[in-house]
Amino acid sequence: MTTTTLPQASALGESMFPRSGYSRAISAEFGEIDQRLRALERQLERVGGRSAASAAQAAEGVGETIASALNGMAERLRGGANSMRDEAAKIGSEAAKLGNDSLRRLSNQVEHRPLVTLAVAVGVGLLVGLASQRRPSRPSHQRTRPRRR
């Protein structure tokens, strides 16, 4: 039996732990597992690329659908705003006509009946004056004491 030291064993091509048939089989299985994992990675990359493209197309489709719906809503709002603007213009022109008619009638009455118009103006002034005097000067939540005689 010969004993060799570690430097002598490595020089002879022998390792410290000699390879057995069992370790070679494990090594081969590791190599096969490694190859299968790499193949699986390649497949996942291809599927991921397809999925990303599909997701991008789906997102684009959803974006187009949302944009279309928002454009439709905006068009309806614009139509409603235009309709309301037209209605406001009609009401404004009618109010201007009514105001002009009232002013014409009032000036007509002032020309034909100046004394009656003056009497009505004085009466309205008195009513406003009396109404403003009857307002309590204190807030209503304060109680006043009855006056003694």
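Model, not experiment: these values are computed from the prediction.
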Validation: residues 62-70 side-chain donor-acceptor distances under 3.5 Å, sequence neighbours left out:
unit_1 : atom_1 : unit_2 : atom_2 : d
Thr65  : OG1    : Gly61  : O      : 2.9

Open item on the list: According to side chain to side chain contact (heavy atoms under 4.5 Å, CB included), who are the partners of Leu98, at least two apart in sequence or on a separate chain?
Closed with: none

Task: Counterpart residues, side chain to side chain donor-acceptor pair (under 3.5 Å), relative to Arg42 (two or more places apart) - done: none

- [ ] Would you list the pairs meeting side-chain hydrogen bond (donor to acceptor under 3.5 Å, both in side chains) in which at least one residue belongs to residues 71-85, sequence neighbours left out?
- [x] Glu75-Arg78, Asn82-Arg85

Task: Nearest-0.5 Å distance, CE of residue Met84 to CG of residue Asp86 - done: 11.0 Å

Task: Asn108 and Arg104, any side-chain heavy atoms less than 4.5 Å apart - done: no

Task: Inter- and intrachain pairs under salt bridge (charged side-chain N to carboxylate O under 4.0 Å, His left out), touching residues 105-124, at least two apart - done: none

TODO: Rounded to the nearest 0.5 Å, what's the gap from CG on Leu130 to OG on Ser132? Could you check?
DONE: 7.5 Å

TODO: Run the numbers on Lys97 and Asp101 for salt bridge (Lys or Arg N to Asp or Glu O under 4.0 Å), then give the verdict.
DONE: CA-CA 6 Å; Lys97 286 178 186 176; Asp101 287 345; over 6 Å; no

Open item on the list: Just to verify, what does Glu32 make a side chain to side chain donor-acceptor pair (under 3.5 Å) with, not counting sequence neighbours?
Closed with: Arg36

